[in-house]
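In what follows, every heavy atom counts, from backbone to side chain, and hydrogens, waters and symmetry copies are set aside.
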Amino acid sequence: MPAFESSTAAEQRFNVNLSILFTELPLLERPAAAAAAGFTAVELWWPWVDSPTPERSELDALKKAIEDAGVQLTGLNFYAGELPGPDRGALSIPGEESERFRANIDVAADFAASLGCKALNALYGNRVDGVDPAEQDALALENLVLAARAAHRIGAILLIETLNAPESPRYPLVSAPAGVGVVDKVNEATGLGNARFLMDLYHLSMNGEDLPAVIERYAGRTGHVQIADNPGRGAPGTGTLPLADLLDQLRKAGYDGWVGLEYKPGDRPSAEAFDWLPR
């Protein structure tokens, strides 16, 4: 595969998502594997899909693995249910799932703070049969306000992510304007201004959005960027997205944050899935 052809690719800061890459390894071995592959930073979905409040020993073990590997945790999802799996978040789902999200807020924020992580991602959750969407949206705003306040307490931003309709047909935030609209509502409700858009170029492309136009319009509201190629959600160069050009455009628009690698390695070890990167 050719190197990432881009005059400014070397200026991008890439971090690796340990919930989709290196998953052939146990969780506690993944930070060191990422470091061995040349990365200085990692991000994670909430690793304990069954528990918003894992035992302190589990949290401490993961913290030690990240510290021992010498990598920085730059992003963490709040509890989002079974992910990967049928769930797409918990915070807009009335009853037990909403309660689990709330129980997780301070646990996730404190864990992030212990590692100097400054970005927390809150997945919105699927629509539920028999529940008024307006009721779900009201619950979502309540929970996102709590999450934004917890993020503010640790000096972090709260990320709101747009997914894609083909793969997440029950998820209501499947366009850039929908995601940014929720960001605006949260910031209006809290007055903190720390909610930001998570711009995932793979999801947006799956939705058929005009990616250069999205970048032009929303780069200034974006707190994090994630990439995978399309079709296939593989490494850059395995599909048809002009990712180098899009990242150049983002950088020129003022985005200087991390770019999360949230792609599938394919039928090879994850350590071999970075041959596109400029060295």
Side-chain angles (χ1 to χ4, degrees), residues 12-21 30-31 34 39-48 52 59 62-63 66-67 69 71-80 83 88-91 101 104-125 140 143-163 173 176 179-180 182-187 190 192-204 215 218-228 247 250-251 253-263:
Q12 299 285 352
R13 296 193 300 163
F14 295 106
N15 72 287
V16 62
N17 188 305
L18 297 181
S19 299
I20 194 169
L21 284 154
R30 294 177 206 169
F39 292 95
T40 60
V42 299
E43 62 185 36
L44 279 164
W45 302 342
W46 185 248
W48 299 279
L59 292 158
L62 180 56
K63 179 175 184 280
I66 291 170
E67 289 174 337
V71 292
Q72 175 64 46
L73 182 67
T74 54
L76 178 68
N77 284 17
F78 287 106
Y79 169 80
L83 188 77
R88 297 290 187 273
L91 61 90
F101 178 82
N104 174 249
I105 290 174
D106 282 332
V107 176
D110 289 344
F111 182 76
S114 77
L115 286 159
C117 173
K118 297 297 185 186
L120 290 159
N121 183 25
L123 284 170
Y124 201 81
N143 282 334
L144 286 167
V145 164
L146 295 173
R149 288 178 181 150
H152 179 71
R153 172 172 65 79
I154 67 162
I157 58 172
L158 174 72
L159 296 169
I160 310 291
E161 183 172 9
T162 290
L163 301 182
L173 307 184
V180 173
V182 172
V183 168
D184 289 344
K185 285 180 184 171
V186 174
N187 285 332
T190 64
L192 297 172
N194 69 331
R196 309 278 284 173
F197 180 48
L198 195 168
M199 184 185 290
D200 185 309
L201 296 177
Y202 167 76
H203 287 310
L204 296 172
I215 291 169
Y218 297 124
R221 320 282 288 287
T222 296
H224 187 47
V225 172
Q226 291 174 331
I227 62 169
L247 293 180
L250 266 163
R251 191 189 60 82
Y255 180 77
D256 61 357
W258 292 96
V259 175
L261 306 182
E262 197 184 59
Y263 60 77

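Residues Asp200 and Thr162 have side chains not in contact (no heavy-atom distance under 4.5 Å, counting atoms from C-beta outward). Looking at Leu123 and Leu163, their side chains come closer than 4.5 Å, going by heavy atoms from C-beta outward. Considering only heavy atoms from C-beta on, Asp184 comes within 4.5 Å of Arg221 through its side chain. Contact check for Leu44 versus Leu62: side-chain heavy atoms found under the 4.5 Å cut-off. Between Leu59 and Trp48 the shortest side-chain heavy-atom distance falls below 4.5 Å. Using a 4.5 Å cut-off on side-chain heavy atoms (C-beta onward), Tyr255 and Leu247 make no contact. Annotation: side chain of Tyr263 is not in contact with side chain of Ile20 (no heavy-atom distance under 4.5 Å). No side-chain heavy atom of Thr74 sits less than 4.5 Å from a side-chain heavy atom of Arg13.
Leu158 contributes atom CG, which lies 10.0 Å from atom CG of Leu192 (distance to the nearest 0.5 angstrom). Here the straight-line distance linking atom CD of Gln72 with atom CD of Glu67 works out to 10.0 Å at 0.5 Å rounding. For the atom pair CZ (Arg196) and OG1 (Thr222), the distance works out to 7.0 Å, reported to the nearest 0.5 Å. Rounded to the nearest 0.5 angstrom, Leu204 CG and Ile227 CD1 are separated by 13.0 Å. To the nearest 0.5 Å, atom CD1 of residue Ile160 and atom CG of residue Leu173 are 8.0 Å apart.
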### Task
Begin with the C-alpha distance, continue with both residues' side-chain angles, and end with the deciding distance and a verdict on side chain to side chain contact (heavy atoms under 4.5 Å, CB included) for Met199 and Ile215.
CA-CA 9 Å; Met199 184 185 290; Ile215 291 169; 3.8 Å; yes

### Message
For Leu144 and Lys185: C-alpha separation, side-chain torsions, deciding distance, then whether side chain to side chain contact (heavy atoms under 4.5 Å, CB included) applies.
### Response
CA-CA 10 Å; Leu144 286 167; Lys185 285 180 184 171; over 6 Å; no

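Shortest non-hydrogen contact noted between Val183 and Ala195 is CG1-O, 3.3 Å. The shortest heavy-atom contact between Trp46 and Pro52 is CZ2-O, 3.6 Å. The minimum heavy-atom distance linking Tyr218 with Phe197 is given by the pair CB-CD2, 4.4 Å. In terms of heavy-atom proximity, Asn194 sits nearest to His152 at ND2-N, 3.4 Å. For Thr190 against Ala148, the heavy-atom pair with the smallest separation is CG2-CB, 4.0 Å. Taking each heavy atom of Val16 and Ala34 in turn, the nearest pair found is CG1-CB, 3.5 Å.
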List, one per line, each side-chain donor-acceptor pair under 3.5 Å for residues 106-121, sequence neighbours excluded.
residue	atom	partner	partner atom	Å
Asp106	OD1	Arg153	NH2	3.1
Asp110	OD1	Arg153	NH1	3.0
Asp110	OD1	Arg153	NH2	3.0
Ser114	OG	Phe111	O	2.7
Lys118	NZ	Ile154	O	3.3
Asn121	ND2	Asn77	OD1	3.1
Asn121	ND2	Glu161	OE1	3.0

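Residues that satisfy the ring pair (Phe, Tyr, Trp, His ring centres under 6.0 Å) test with Phe78, not counting sequence neighbours, are Phe101. Taking Trp258 as the reference, nothing meets the side-chain hydrogen bond (donor to acceptor under 3.5 Å, both in side chains) condition, with sequence neighbours excluded.
Under the 3.5 Å distance criterion, the side-chain polar atoms of Asn17 are left unmatched by any main-chain donor or acceptor of Glu262. With hydrogens and angles ignored, the 3.5 Å screen pairs no side-chain donor or acceptor of Asn15 with any backbone N or O of Leu261.
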